[in-house]
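Here's the structure, in structure tokens; my notes come after.
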Amino acid sequence: MAALLDWLDSRTGYRSLVRRALYEELPRGTGWPFTTGSIVTLLVGCQFVTGVGLTMYYVPAPSLAYDSVRFIMSELPLGWMLRGLHYWGASFLVVAAVVHMLRVFLLGSYKAPREVTWLSGLAMLLVILGFSLSGYLLPWDQKAYWATTVTINVARSTPILGEYIASVLRGGPDLGALTLGRWYSAHVFLLPATLVTLIVAHIALMRMHGISGPIEPKTGRGEAFFPGHVAKDTVMMAVVFASLFTVAALLPAHLDEVANPADADYIPRPEWYFLSLFQLLKYFPGPLEPVATMVIPGVVIGFLVLLPFVDRHDGRHPLRAPRRMFTAAMVVIGIGVAGLTGLGVADSPPGYDADWGLLPIAGWQIATDAASPCARCHTSGGPAAPLASTRITKDEEWLLSHMADPVALGPGVRSAQEPAPRAMMSRFKAQAVVAYLRRERAGRAVPEIDASGRLAAVTYAETCVACHRISGDGGTMGPDLTRVGSRRDPASIRAVIEDAPAVYGETAMPPFKSRLKPEQIDALTAYLASRQ
Amino acid sequence: MQARQPAPSANRRGFLVRLIQTVHVGIGATLAFVVGGAVVAPSFTRRAVRWLPAGRLPQLQDGVPVPVTLRVARPDGASEVVERRLVYLVKSGDGVRALDSTCTHLGCRTKYNTETRQIECPCHGGVYDTQGNVVSGPPPSPLQSVPTRIEDGQVLVQV
């Protein structure tokens, strides 16, 4: 073995390379604060490795993207962990990159002659944010679709060039397959290539100028990089990796319902690291929008870019003049970002993750009932896969047509002259089944529900759904009933159902006392009163 | 100049090197397990065995191959494919055999000829009898037999 390595060294000279890499002398007093960079490197490495694994299964097309992520999460052995590490790794990476930048700022490590090192670092921070932005479109769920719509609208607010930038980002007039293709390509080819180039440059520059070391240089012999400092790096890497692994193992990566471009009521909310920008938008409506999307972020980035050129004084202590004012500016930026993020979290719309409402429950009953028309074909060994494993992520219109007329190949194919067969399933029922399939696909377990709840669900799906919305499903003509139980007591809920005109005077809601059976009204009242 | 004490320093160095090696190998092995596992695992999953209803026994005639088209939807990774398979059901007494209709020569679809009472391949003139044995022509082996089972008069074919 030793002879083989000797031979390899004689032909490649690898030992001198390893020696040069490991036995660099660091300034005396280089301590724990200088481990932040290796944490970023570790997390970038993790994202690369898990990302390569994910690309083997992910399909960048609207019709399959969501199903392929679902496949990774629920069928691929270890797939949930693979995606968990990549999903949470993204958040860890953003935090680690910002912490690294703050460390460099606080210790004044960006000062001459390390200006270009600082700039390459800033460029990497922007690339990492670009990764996050392009990455969360890929699962093609509701959140991906609508948050990306907002991103593109933000780009559109750029003065003069806005429309062009937005068109290039979308790849066409609408957000769709063309958008997904180019964002995927950017996420797996363009951005990684850029990041690798920048990392190589960043580390080469760091080695060229040496580590900046402690604020007040200490006299005496330097310290060896290996093993002393590498051990510190390693301990920090172990802690961060263990935390990432624990989070990924305990909290499954988020997957919303499949993207529905027709659902304009969905309230988009970006990942937490873009929440501050998103919140800022709310304070600058209409023509002032570019202030939030361009001016303020531009000022912050401009400040960071110019920092090493403006701060030319020798002293590196963050609290001594003249560095104090830069520190103050950084604190203001920090408070601004943290405060806006906090407000964004407080402002976020309620999620319906575990809340099924009524429509999906009704759909679940219709689809899984013994007499369900779906089961004729969607059965093990049948001409179509069982509902639980069927993969068609067709659009809603196709699904509704298919449920009414299962042999139709596409909605609207039959001409007006040809009589359509009697619908296999009414549109109300089909809508309920679609709502069920969307929840079920998103991996939400069917909640426990009693007979009264089931009756309420079916009644709602046949009657109330046209005007009233619960947990994101249903019409918007009447009030949203998601939290009706906190506004009204059971008696007044019953009174409105039985005879709305008597309660409100003029109203579009007809009396239901004679149209519904007493037990249906009982079930609805009980369910709605429980919606606090 | 005071003599250095090499022992403790060497110990410390040895400990640090071992720590570094252990952690890096640990992180590498964890990632390799998760990523490698997810990459390799599907390669070793077997296709699920399924029994599909192909017809009712009383409706079959002794020794007459009845062509049956089976459609089966199966998952294909994140996608789904519907496979079509044509088999002949051949009844003999209480038992029934299922023969794959694919010619064993070059994979053409064979056809049952009711006049000659033989199964014929249109491509190169291969001829089989009703039990799938080669009568003449180029086929190297009998038609492939597909496992069958009978439940309450219903013929189930394994795919």
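Throughout, protein chains are lettered first and strands after them, A, B, ... in sequence-line order, and every chain is numbered starting at 1.
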Residue part contacting chain B, namely of A/Leu54, when any heavy atom lies under 4.5 Å: neither
From OG1 (A/Thr35) to CD1 (A/Ile39), nearest 0.5 Å: 4.5 Å
A/Leu85 portion near chain B, given a 4.5 angstrom heavy-atom threshold: side chain
Rounded distance [0.5 Å steps], CZ in B/Arg97 versus CD in B/Gln131: 5.0 Å
Max heavy-atom pair count under 4.5 Å with chain B, selected residue of A/Gly53, A/Gly45, A/Pro227, A/Gly79: A/Pro227
Straight-line distance of B/Leu156 CG to B/Ile150 CD1, nearest 0.5 Å: 9.0 Å
Which portion of A/Leu76 sits near chain B, non-hydrogen atoms under 4.5 angstrom: side chain
Portion of A/Phe245 that has a non-hydrogen atom of chain B nearer than 4.5 angstrom: side chain
Segment of B/Phe33 engaging chain A (4.5 angstrom heavy-atom cut-off): both
Side chain, backbone, both or neither of A/Val235 within contact of chain B (heavy atoms, under 4.5 Å): side chain
Rounded distance [0.5 Å steps], CZ in A/Arg438 versus OH in A/Tyr66: 8.0 Å
Under 4.5 Å from any heavy atom of chain B - which part of A/Met81: both
Chain A interface, residue from B/Val23, B/Val17, B/Ile27 that has the most non-hydrogen pairs under 4.5 Å: B/Ile27
CZ on B/Arg85 to CG on B/Asp100, rounded to 0.5 Å: 4.5 Å
Sub-2.5 Å SG contact, B/Cys108 and B/Cys123: yes
Aromatic ring pairing A/Tyr23/A/Phe226, orientation class (parallel under 30°, perpendicular over 60°, tilted between): perpendicular
Choice from A/Gly228, A/Pro77, A/Ala224, A/Ala242 maximising heavy atom contacts with chain B below 4.5 Å: A/Pro77
A/Tyr184 and A/Tyr58 aromatic ring geometry - parallel, tilted or perpendicular at 30°/60° bounds: tilted
Option that, when pairs with chain B are counted at under 4.5 Å, heavy atom only, ranks first among A/Val69, A/Val230, A/Thr50: A/Val230
